[in-house]
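Notes follow the structure.
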Amino acid sequence: MKIQKTILAASILAALASTSSYAQEEKQEKTQEEMMETINVSSRGLISYVSATGSKSDTPIIETPLSVSVLTEARIQDLGAVTVQDAIGYVAGLYNGPFGVDTRGDWAKIRGVAPVQYLDGLKSLFGNYNNVRVNPYSLGQIEVLKGPSSVLYGQGSTGGIINLVSKRPKAETEGQFWAQLGNYSRKQVAGDITGALNDDASLTGRFVGLYRDSDTQTDYVPDNSLVLNPSLSWHASEDTKITLIGNIQRNESGSSTQFFPWQGTLLPNEFGQIDSSTFVSEPGFDKYETEQDALTTIIEHDINLDWRVRFASRYSDSNADYNTMYSANWPPQFEEDNRSFERYAYIYDNDSESWTSDIQLHGSVMTGSVSHELVFGLDFQDARTDSDRAVGYGGVIDLYDPMYGQVENLPTQDDVVDAPSLTNQQLGLYAQDNMRIDDKWLISAALRRDRATNNPANSSATEQYSTTGRLGFMYLMDKGISPYISYSESFSPVIGRDAYDNPFVPIEGEQWEAGVKYQPHGTEHLLTASVYQIKEKNRKTPVQDDAAPDPGGQVQVGEAEIEGVELEAQLAWESLDFYASYAYTDAVISKSNRLGEDGATLSATPDQQASVWATYRPDNWNGFKIGAGVRYVGNTSDGSAYVEQNSVVLNDPLETPSYTVFDAMIGYNWDNYSVSLDVDNLTDKTVITSCLSRGDCFYGQQRTIMANFRYNF
């Protein structure tokens with residue numbers, strides 16, 4: 001059935017492209033400059049038609065044989081997004097917040113797999129729970145590249161990457177002051193100013209700052225933040241530009257995710273449903289406080305008209321003081337009274353220090369009738385992570401009538417045990433050639449070789465090597481239609497040794513994708529459709545050989561298969577714009593030795609998703625705007641499969657039902673001022689985003705109301 005759906009979708013796409021081609025009565029030849037002029041039109045900055053993430057060079061989306069979605073600064077503001085997780089909620093094939101509301105970070109699933117996060121083209125997260133959460137106010141754009149992408153970015157997931165693009169200095173002086181009030185005692189002020197720092201504008205600067213004091217929907221969990229983002233650009237000459245981007249950030253929060261048991265959330269309990277505001281940990285003990293200091297350097301130099309060099313590098317030092325409580329029983333479950341919950345208390349002292357660099361040589365070459373856009377690159381990552389912890393007894397709490405302060409002898413910082421640090425290094429060499437033949441055919445080919453080194457402080461280093469590639473074909477039809485087909489690969493290093501004492505090899509991903517992109521000439525519309533099939537290999541699974549040196553160990557024979565359909569439309573007229581998406585995802589574990597896993601649907605992956613956001617700006621009400629959105633999330637599985645032996649059910653997977661939420665916005669602009677009101681989850685619907693086979697469930701965002709005042713100058 002799933003193969004038939006994929007074939008049907010591919011047939012529809014092919015028919016669309018074919019019909020459009022035969023319907024054209026007049027063919028007009030356009031120069032490259034004319035095409036770029038049409039592509040980059042956007043009166044309000046809501047739609048971006050160019051992305052650097054797909055090819056590491058500014059390339060029109062309709063000339064990229066991959067699935068790329070871009071959210072501009074204006075779009076993020078229209079959606080009222082206050083986190084990156086909020087901003088990406090309307091992107092096709094992306095499930096934002098699969099594990100509910102979490103103040104510790106931004107989580108997502110792209111095509112069934114967690115993506116890797118990048119900032120300005122450089123990997124930004126290493127290890128777990130040691131980095132600050134990036135604030136979208138410091139970003140100029142969010143770019144989502146779907147599917148395996150190791151050929152340009154090195155180690156990564158089969159799902160794709162999310163590349164956050166920082167705001168950069170501008171020569172023209174402009175700025176903004178923003179004040180926000182909201183429920184959960186939210187108070188926030190922010191500012192953004194940029195402009196030239198000398199007479200000839202060879203030196204430009206920008207400063208973005210934000211301060212927030214807020215509670216959250218989870219009792220006793222704050223969401224406070226201080227963000228300072230200074231940046232400086234120096235045009236050292238007509239050919240050379242140097243940009244420095246600083247990040248100083250201090251976040252003060254706790255763990256809003258409570259890992260509630262199935263019973264009392266998705267499954268019934270005699271005492272009713274656990275309130276989404278319930279706090280499992282202890283006030284005064286629980287915290288998630290993060291600090292980060294980082295500096296990014298970007299150097300761009302034009303060698304001549306055809307060749308240029310780009311160098312990007314970032315040093316980042318971050319740490320997290322993380323105190324929390326989980327269920328003492330795993331899977332999480334109540335005591336015999338069906339309301340009491342036994343806890344363990346944890347203290348984590350996590351650090352991360354990383355240095356990432358990427359040097360690229362870009363060139364334009366003509367060979368006969370073929371033009372080549374070349375990229376040769378060398379990137380390097382050196383990241384040291386350290387996680388020390390302490391564990392203690394957290395006592396018992398009544399989840400229906402919690403009483404705090406009853407526990408003595410909770411663990412303290414003095415109980416933290418020093419654990420060995422881990423250093424991860426990666427060196428990658430890559431090359432890409434985007435070829436244009438007769439201004440109609442596009443061929444994109446890329447190849448990469450990587451060496452990844454894992455070096456624990458208390459043992460010897462291990463090295464893993466991988467070669468990945470990508471090949472894409474696209475045809476540029478008249479009228480702005482671009483059908484394509486592509487193949488791409490990914491790899492992700494795996495630490496440790498298998499049951500036979502062999503070093504693990506990287507997890508490998510491969511994807512076939514076909515689609516069509518449509519950007520009608522003279523309009524601001526952008527429509528994309530794609531079908532894809534992904535295979536992830538070398539997944540770890542228990543060994544089935546009792547004679548193995550380690551019979552309780554693992555081997556890498558597991559596989560997962562994912563296929564789906566994605567549709568995305570961005571439509572913009574003078575007074576009305578739409579952002580709509582649909583995705584069908586069939587993601588299963590096709591090979592596994594683990595009981596209850598073979599044949600299971602990947603956890604927290606909706607089978608279907610659909611969303612629409614519309615903003616109306618009536619011409620006769622100058623300055624007024626109103627927006628509304630709806631998001632549908634289909635059923636998700638707990639990640640296990642049905643198992644029956646000798647008429648006895650050994651495992652029965654739990655399914656989290658679908659849900660629909662509504663968002664809204666209303667605002668008014670006059671002169672340099674604007675006011676707006678943003679509401680997420682308008683009906684205050686309590687939703688469960690997913691439940692996992694390990695026994696826990698997650699609540700989604702309750703109704704959130706934010707009033708905004710902005711002064712632009």
Side-chain angles (χ1 to χ4, degrees), residues 52 72-74 76-77 81-84 87 106 117-125 131-143 163-180 188-213 224-237 240-252 289-301 310-320 352-358 710-713:
T72 64
E73 182 181 353
I76 295 170
Q77 180 175 318
V82 294
T83 67
V84 171
D106 300 295
Q117 183 173 300
Y118 280 71
L119 177 63
D120 297 318
L122 301 170
K123 188 176 179 181
S124 61
L125 298 180
N131 291 81
V132 301
R133 188 179 201 177
V134 176
N135 193 290
Y137 191 65
S138 65
L139 303 177
Q141 197 157 281
I142 299 175
E143 302 180 347
N163 184 35
L164 311 178
V165 183
S166 299
K167 291 178 177 178
R168 309 289 174 87
K170 301 178 181 179
E172 183 178 353
T173 299
E174 60 183 53
Q176 180 186 86
F177 169 76
W178 174 29
Q180 183 182 74
Q188 178 175 284
V189 292
D192 178 8
I193 185 169
T194 186
L197 300 179
N198 57 2
D199 294 337
D200 63 358
S202 62
L203 194 64
T204 57
R206 189 164 192 166
F207 182 81
V208 178
L210 179 144
Y211 175 76
R212 179 177 64 246
D213 185 319
N224 306 329
S225 184
L226 172 66
V227 181
L228 303 175
N229 282 131
S231 56
L232 187 71
S233 286
W234 176 39
H235 290 265
S237 68
T240 305
K241 179 182 178 182
I242 302 172
T243 301
L244 303 176
I245 305 172
N247 173 250
I248 302 169
Q249 195 162 337
R250 306 290 185 263
N251 289 355
E252 180 185 280
E289 298 179 357
T290 57
E291 299 183 356
Q292 179 169 287
D293 299 309
L295 178 64
T296 302
T297 303
I298 302 173
I299 302 174
E300 300 163 289
H301 175 69
R310 184 182 187 275
F311 172 76
S313 184
R314 178 167 57 248
Y315 172 78
S316 177
D317 187 2
S318 61
N319 66 80
S352 174
E353 184 178 19
S354 63
W355 191 294
T356 55
S357 299
D358 185 11
R710 290 180 173 91
Y711 170 63
N712 299 289
F713 56 91

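When reading the values below, keep in mind they use all heavy atoms of this one structure, side chains included, and skip hydrogens, waters and symmetry mates.
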Which residues share a side-chain contact (heavy atoms from CB on, under 4.5 Å) with [X], sequence neighbours left out:
X	result
Ile299	Ile242, Thr297, Phe311
Thr290	Val132, Asn251, Tyr288, Ala320
Leu125	Gln117, Asn131
Ile248	Leu228, Arg250, Asp293

*Shortest non-hydrogen contact from Thr204 to Ala171?*
CG2-CA, 3.7 Å
*Which atoms form the tightest heavy-atom contact between Ile76 and Pro136, and what is the distance?*
CG2-CB, 4.3 Å
Taking side chain to side chain donor-acceptor pair (under 3.5 Å) as the definition, give me every residue that meets it alongside [X], ordered by chain and number, with sequence neighbours left out.
X	result
Glu353	Tyr315
Arg206	Asp192
Ser233	Thr243
Thr72	none

*asked:* Taking CG in Asp199 as the centre, count heavy atoms belonging to other residues, nucleotides or ligands within less than 6.0 Å. Is the count above 12?
replied: no
*By ring pair (Phe, Tyr, Trp, His ring centres under 6.0 Å), which residues pair with Tyr118, not counting sequence neighbours?*
Tyr153
*Apply ring pair (Phe, Tyr, Trp, His ring centres under 6.0 Å) to Trp178 and list each qualifying residue two or more places apart in sequence or on a separate chain.*
Tyr137
*Test applied, side-chain contact (heavy atoms from CB on, under 4.5 Å); reference residue, Leu139; option that passes from Val208, Asn229, Val134*: Val134
*Can you name the residues that form a salt bridge (charged side-chain N to carboxylate O under 4.0 Å, His left out) with Arg710, not counting sequence neighbours?*
none
*Test salt bridge (charged side-chain N to carboxylate O under 4.0 Å, His left out) applied to Arg310 - qualifying residues, sequence neighbours left out*: none
_So, taking the atom named OG in Ser166 and the one named CD in Gln141, what distance separates them when rounded to the nearest 0.5 Å?_
11.5 Å
